[in-house]
Amino acid sequence: MYSEKVMEHFMNPRNVGEIENADGVGQVGNPKCGDIMKMYLKIEDGIIVDVKFKTFGCGSAIATSSMATEMIMGKTIDEALSLTNRAVADALDGLPPVKMHCSVLAEQAVKSAIYDYAQKNNLQFDGLEGFDPNEDHDHHHEEHED
Amino acid sequence: MKKRVYLDYSATTPMKQEVLNAMLPHFNVQFGNPSSIHCFGRENKAVIDQARQIIAKTINASADEVFFTGGGSESDNWAIKGVVSALKGKGKHIITSKIEHHAVLHTCEFLEKEGFEVTFVDVDEFGIVDLNQLQRSIRPDTILITIMYANNEIGTIQPIKEIGELAKKHNITFHVDAVQAYGNVRIDVQELKIDLLSLSAHKVYGPKGIGLLYIKKGTKIIQLIHGGAQEKRRRAGTENVPAIVGFGKAAELAYQDLEGHVKHLTFLRDKLINGLLEKIPYSRLNGHPTKRLPGNANISIEYIEGEALLLSLDMVGIACSSGSACTSGSLDPSHVLMAIGLSHEVAHGSLRFTIGDFTSEEDVDYVLKELPIIVERLRQMSPLYEKVKGGN
Amino acid sequence: MKKRVYLDYSATTPMKQEVLNAMLPHFNVQFGNPSSIHCFGRENKAVIDQARQIIAKTINASADEVFFTGGGSESDNWAIKGVVSALKGKGKHIITSKIEHHAVLHTCEFLEKEGFEVTFVDVDEFGIVDLNQLQRSIRPDTILITIMYANNEIGTIQPIKEIGELAKKHNITFHVDAVQAYGNVRIDVQELKIDLLSLSAHKVYGPKGIGLLYIKKGTKIIQLIHGGAQEKRRRAGTENVPAIVGFGKAAELAYQDLEGHVKHLTFLRDKLINGLLEKIPYSRLNGHPTKRLPGNANISIEYIEGEALLLSLDMVGIACSSGSACTSGSLDPSHVLMAIGLSHEVAHGSLRFTIGDFTSEEDVDYVLKELPIIVERLRQMSPLYEKVKGGN
Ligand SMILES: Cc1ncc(COP(=O)(O)O)c(C=O)c1O
Ligand SMILES: Cc1ncc(COP(=O)(O)O)c(C=O)c1O
Ligand code: FES
Ligand code: FES
């Protein structure tokens, strides 16, 4: 069902935890749907110098969180904002179709944490245009193949 | 090879060696079509009649009331669609429960689209059908009550006798899905006033792809599969001789020492349940504490999602399930766990362990050792658990 | 043991050893439910997908267009009932032939009672469907044409391609029962413009109780068996893993040397037919002389009743049939033999020998030696034969 890469990240997730006094914190998902992702960022001079996550969710949710943190670590904010769910999924050697939405969650969690940072510091980022952190991501049926 | 502990007997069971031995000759030696009149056929005719008799006896039916099908789902579909088609002149109302297997539930939902009306009766927190509500929902045009004997997810055993009497009193046909109960409880279709009963062999150490429908003499029902004259012209298709023979043998074994089987399973189940509830904080048992299948342990573990648990258990060789196997393609929480009142979050974090004849005490001990470690690891990652700890 | 010669391969076949070997591990070792996400399940998921691919390839379909069922009869019922239910808003007319298998015929007759209208097209003296009549019977409300690929009694192969083109031209769903043709002719569902195709494994040295329905992508059809999410939510029921694996292996073997198989059977068949017609006066071949299944020899022997022949052959260890196995409960003469224009008397005196991969030339020689003796003995008893001889 899952690639070896997914299982590896699921069993040994990178960057699990919290950052005290984080510069940006974002949470997406909904426990009703069985998944919540929370992302913490430490940002210095526009660079993400530390990132941690906590996730309540399936194997794919945990693996995508882990991969996403690896992919944005040390990157600029603009680079982090350009991270797509597809890129996360590809980096994990793919996800089953019904699980693609978990990677969407990872992309949203990153954006949501940066949004929080932008709000606190009165900053604007092109990559956040149109992003609404409170949008209800009722994603559970969109990728259903029939 | 790495350790493998199978605790998913409600999904399917391995065949017992005696069952396989009984089947083997019928694959390529005694392989004739039982409907043929030559000796290759006749010798198998006798063989399937014998299996039919063995199984009929285990439910106190007569051999001419039991009909082989391609599995439990076909039996359920046949029973429900067959009865309502036969009785559609008489009424259009069906009563079932909210916690039926999908083979019943989706069939009823399909019939709703065809113009029938269905009442889905509630269950209590233990998963027991609300008898008062069931009684109140009976209408003059109710033509079928279909209630499962024991639930496949939480193992709760229903008050079938009371429902049978209610159905009888109102002259309503009564179907029971006993796929999970068979081999785990003693079933007497006459005493329980059951008109139709579904069974499936692969849940009792028999082969896959063979089921049975008991049809009480005189019950009005039309065919689901038309064609040849097999099964007294009520279910067409070349008889699946090896599978029928295997089902017969499995039935014989299941009921030759039912008490021993139940005792073995209950002991292990209770050890597992008590051990897990004790070792894992924020966990609870789903289903009824005593009116439950001897092998079923369904546990909710808060603040973790079920699939993550399943995968982690799988990594250490433990096979169990969350909800029923046939729904694991879906991302929705189990309809059964929702019906007993669990919140979405808690329902999502539920595990079903089902114990069987080949389960040992070491298997249970292994789960008791591994699962708490896994739970702790996953909870460390969970943003929900953080808050709980903080709050305490 | 007394000599036993099995010449009833169209009724059912013994499983090949390779098929059994492929199935064996799945009964009690690799026995998991493919819908489970643990490793016991996943390892079998891959296994059934592989079988699906093998079979799909033999009919030039893609793997996601083939769905496993509980047998050929279920496939026929699903195809026919499923299509007409899905299209009942569009029309109510079905076209089939007079010589279909009962799984098709009785399903159509059932649907007539439900308000559908069915045209049963005639066949010629060889059993070939009257294409002109078929064409003329097409109406604006025709929603389904169902015609068998090859007949199970007389072995006649139909002009499927022509019918497929006709159906396509009029935008009518086309179902083909290929239960007897499969493994004996090359079938290309795309070239033949087939929308639905029924198969059954036990006719091609595979297990009983497993069939398949090919459903061309986009074909409108509703489910026959509702329930779990198996078979991409189109056919519920725990997957019959051993049988699916066996079907896959049987399909692979059947098409790995189709030419060799056909050559072997055709040689023996022609030897049998020619030998019998030569040695037995007042006998005739039923079905088409060349457009017939390679293993089918259906012979009418005048002035004798079929059952007496069957029993006498059985006494010397020869197993064959009169008509199809599933009708042998009935005393009516075969509907197929009536449709090709035989009189009642002649139809009653017909025998079907069907040759298979394990048939040897000695088997055929044995029949050629024994049957004329039996015929002579029974004719001596027949008041009809007396007159003939007198007249000569
Ligand atoms: C042409 C044809 N269709 C359908 C069937 C039914 O197949 P099964 O007996 O596997 O249900 C048979 C054989 O019995 C057959 O010969
Ligand atoms: C209660 C119940 N009913 C029906 C079924 C369907 O049986 P089968 O998978 O053999 O079709 C199952 C198992 O899947 C079940 O647990
Ligand atoms: S997070 Fe919802 S299924 Fe993976
Ligand atoms: S004489 Fe026996 S069946 Fe007619």
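First the proteins, then the strands, lettered A, B, ... as listed; each starts at 1.
In plain terms, the two heavy atoms of C:Phe27 and B:Leu20 that are nearest each other are CD1-CD1, 3.7 Å. Closest approach of B:Ala319 and C:Phe40 over heavy atoms only: CB-CD1, 3.5 Å. Closest heavy-atom contact between C:Arg4 and B:Cys39: NH1-SG, 3.1 Å. C:Ser36 and B:Asp8 make their closest contact through OG-OD2, 3.5 Å (heavy atoms, listed as atom of the first residue, atom of the second, distance).
Heavy-atom distances place no part of C:Tyr205 under 4.5 Å from chain B, backbone and side chain included. Only the backbone of B:Glu239 comes within contact range of chain C, with heavy atoms under 4.5 Å apart. With a 4.5 angstrom heavy-atom cutoff, B:Met23 touches chain C only via side-chain atoms. If you measure heavy-atom distances from C:Ile210 to chain B, you find no contacts under 4.5 Å at all. Of the two parts of B:Lys88, only the side chain, counted from C-beta on, holds a non-hydrogen atom closer than 4.5 Å to a non-hydrogen atom of chain C. There is no contact between B:Lys232 and chain C, counting heavy-atom distances below 4.5 Å. Only the backbone of B:Thr13 comes within less than 4.5 Å of a heavy atom of chain C; no side-chain atom from C-beta onward does. Interface remark: C:Ala236 contributes backbone and side-chain atoms alike to the contact with chain B (heavy atom separation under 4.5 Å).
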When you look at C:Leu311 and B:Ile37, which way does the side chain to side chain contact (heavy atoms under 4.5 Å, CB included) test go after all the steps? CA-CA 8 Å; C:Leu311 291 175; B:Ile37 76 165; 4.3 Å; yes
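Top candidate by heavy-atom pairs under 4.5 Å with chain B, chosen from C:Pro242, C:Gly227, C:Gly72, C:Gly209, is C:Gly227. Ranked by heavy-atom pairs shorter than 4.5 Å toward chain B, the options C:Thr12, C:Asp76, C:Asn77, C:Ile222 are led by C:Asn77. Per-residue counts of heavy-atom pairs under 4.5 Å with chain C were compared for B:Gly317, B:Ser200, B:Cys320, B:Gly70; the largest is that of B:Cys320. In terms of non-hydrogen atom pairs under 4.5 Å with chain C, the most contact-rich of B:Arg235, B:His26, B:Arg42 is B:Arg42. Contacts with chain B were tallied for C:Val29, C:Leu224, C:Leu310, C:Leu105; C:Leu224 has the most, counting heavy-atom pairs under 4.5 Å.
Side chains of B:His202 and C:Thr238: a donor on one and an acceptor on the other come within 3.5 Å. For C:Lys81 and B:His226, the side-chain atoms include at least one donor-acceptor pair closer than 3.5 Å.
To the nearest 0.5 Å, atom CD1 of residue C:Ile225 and atom CD1 of residue B:Ile225 are 5.5 Å apart.
Under the 3.5 Å distance criterion, the side-chain polar atoms of C:Lys208 are matched with a main-chain donor or acceptor of B:Phe31. Although no hydrogens or angles enter the test, the distance criterion places no donor-acceptor pair under 3.5 Å between the side chain of C:Asn28 and the main chain of B:Lys16. Checked by atom type and distance alone, the side chain of B:Asn33 pairs as donor or acceptor with a backbone atom of C:Ala11 at under 3.5 Å.
C:His106 is not listed as a side-chain neighbour of B:Gln223, based on a closest heavy-atom distance of 4.5 Å or more.
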